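This report refers to the structure that appears directly beneath it.
Starting from 1, each residue takes its place in the sequence as its number. Every value quoted in this text rests on a predicted model; they were computed, and no experiment measured them.
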Amino acid sequence: MSEKLIEDNGKAFLVLLLPISFLIIFLVSTWKILLAVILLIIGFNLWQQYQWQQWCQKVNPIFHQMVRENQGRLTPMDLAIKGNFSGTVAKRYLDGKASEFGASIHNSEDGGQSYYFITASILGNILDSSDPVKALPAQPVAKTARSLLAPPPKPQEEELETESLPHTTHKQVKQSLEKQLVFGSLIQSELAKRLNVYSSTVYKRRNDPDFSEWSRSRDPDGIAWTFSEKAKEFFPLEEEG
């Protein structure tokens with residue numbers, strides 16, 4: 001039994017030894033070719049990275065200009081049209097910039113993407129146009145000590161911050177609109193007050209395709225509004241009814 005077991009083990013070892021021997025012989029005879037192929041692949045990848053970096057340096061001035069003109073909001077189509085190259089390349093470029101600068105990416109309902117790059121000037125405009133935060137009322141200090149056996153007072157429920165502001169009457173909004181539309185348009189803070197939302201909400205949504213319908217749904221008179229990039233103001237799309 002032991003001799004048969006040793007013989008079987010020897011055959012199994014030979015079966016494994018033969019392919020290993022062929023592999024060693026193949027590597028010894030072709031290692032130069034394999035090394036040349038590996039070096040060629042590495043060199044090709046490095047060359048592609050170098051070419052991409054050189055191309056990005058040429059596109060950077062266009063990117064910086066569009067960030068200033070569009071208040072930090074870019075889409076691959078905008079960049080592709082401005083730079084006259086394909087949308088796939090534009091998306092790859094914006095993905096790299098979004099990762100580099102920590103930009104936020106907004107997915108629209110139609111499957112498109114918008115990249116928001118926040119600069120110091122854009123952030124300053126948002127803060128300047130935003131409504132001031134109301135100070136919380138000071139809590140009165142108890143003059144008498146609470147008994148150790150008395151149950152602790154129940155904490156006051158904090159109101160959740162929502163997108164809507166305190167309700168304003170339709171009459172006040174209409175009178176305000178008549179005064180503000182002397183020049184035919186509203187600024188961001190004025191429109192936010194009319195729509196009963198925060199100014200930063202109007203800023204985020206002003207370039208959305210459905211901004212007109214969204215503003216119509218929140219306007220007390222059902223007026224649709226549109227944003228002018230040139231004038232940086234909001235204009236009504238229809239007359240008041």
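Rounding to the nearest 0.5 Å places CZ of Phe234 at 5.0 Å from CZ of Phe227. Atoms CD1 and CD, on Ile118 and Gln71 in that order, are 9.5 Å from each other to the nearest 0.5 Å. The CD atom of Gln113 lies 10.5 Å from the NE2 atom of His106; values are rounded to the nearest 0.5 Å. Atoms CD1 and CG, on Ile41 and Leu46 in that order, are 12.0 Å from each other to the nearest 0.5 Å. Here Asp219 contributes atom CG and Leu191 contributes atom CG; the two are 8.0 Å apart, rounded to the nearest 0.5 Å. Here the straight-line distance linking atom CD1 of Ile223 with atom CZ of Arg218 works out to 15.5 Å at 0.5 Å rounding.
Hydrophobic clustering (side-chain heavy atoms under 4.5 Å, transitive across Ile, Leu, Val, Met, Phe, Trp, Tyr) keeps Leu35 apart from Val28. Residues Ile62 and Val89 share a single hydrophobic cluster, defined by chaining ILVMFWY side chains whose heavy atoms lie under 4.5 Å apart. In terms of hydrophobic clustering, with Ile, Leu, Val, Met, Phe, Trp and Tyr side chains grouped at heavy-atom distances under 4.5 Å, Val67 and Ile81 are assigned to different clusters. Two different hydrophobic clusters hold Met66 and Met77 under the rule that ILVMFWY side chains link at heavy-atom gaps under 4.5 Å. A single hydrophobic cluster is not seen to contain both Ile187 and Tyr203; linkage of ILVMFWY side chains at heavy-atom distances under 4.5 Å, directly or through other members, places them apart.
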In sequence, state the C-alpha distance, the side-chain angles, and the governing distance for Glu229 and Asn207, and then conclude on side-chain contact (heavy atoms from CB on, under 4.5 Å).
-> CA-CA 9 Å; Glu229 288 285 352; Asn207 290 316; 2.8 Å; yes
Test side-chain contact (heavy atoms from CB on, under 4.5 Å) on Glu233 and Leu186 and set out the steps.
-> CA-CA 6 Å; Glu233 294 180 351; Leu186 298 180; over 6 Å; no
Step by step, would you call Trp225 with Ser212 a side-chain contact (heavy atoms from CB on, under 4.5 Å)?
-> CA-CA 5 Å; Trp225 297 85; Ser212 298; over 6 Å; no
Checking side-chain contact (heavy atoms from CB on, under 4.5 Å) for the pair Leu195/Ser215: CA distance, chi angles, key distance, verdict?
-> CA-CA 7 Å; Leu195 300 182; Ser215 60; 4.1 Å; yes
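In terms of heavy atoms, Phe211 sits closest to Arg206 at CD1-CA, 3.6 Å. Closest approach of Arg216 and Ala224 over heavy atoms only: NH2-CB, 3.6 Å. Nearest approach of Phe85 to Leu79, heavy atoms of both residues: CZ-O, 3.6 Å.
Salt-bridge formation is detected for the pair Arg194/Asp221: a Lys NZ or Arg NE/NH1/NH2 atom is positioned less than 4.0 Å from an Asp or Glu carboxylate oxygen.
Ser199 and Gln188 share a donor-acceptor pair across their side chains, judged by distance under 3.5 Å alone.
Ring geometry, Tyr115 versus Phe117: the interplanar angle falls under 30°, so the pair is classed parallel (tilted spans 30 to 60°).
Its side chain within the 4.5 Å cluster rule, Leu27 clusters with Leu23, Phe26, Leu34 among the Ile, Leu, Val, Met, Phe, Trp and Tyr residues.
Among residues two or more places apart in sequence or in another chain, the side-chain hydrogen bond (donor to acceptor under 3.5 Å, both in side chains) test is passed with Asp208 by none. A search for side-chain hydrogen bond (donor to acceptor under 3.5 Å, both in side chains) contacts involving Thr75 returns Asp78, not counting sequence neighbours. In this view, Tyr116 satisfies the ring-ring contact (aromatic ring centres under 6.0 Å, His included) rule with no residue, not counting sequence neighbours. Annotation: ring-ring contact (aromatic ring centres under 6.0 Å, His included) contacts of Trp31 (sequence neighbours excluded): none.
At least one donor-acceptor pair under 3.5 Å links the side chain of Ser29 to the backbone N or O of Ile25.
Environment of NZ in Lys232: crowded, with over 12 heavy atoms of neighbouring residues, nucleotides or ligands closer than 6.0 Å.
Counting only residues at least two apart or on different chains, the side chain to side chain donor-acceptor pair (under 3.5 Å) pairs with a member in residues 40-61 are Asn60-Tyr93, Asn60-Lys97.
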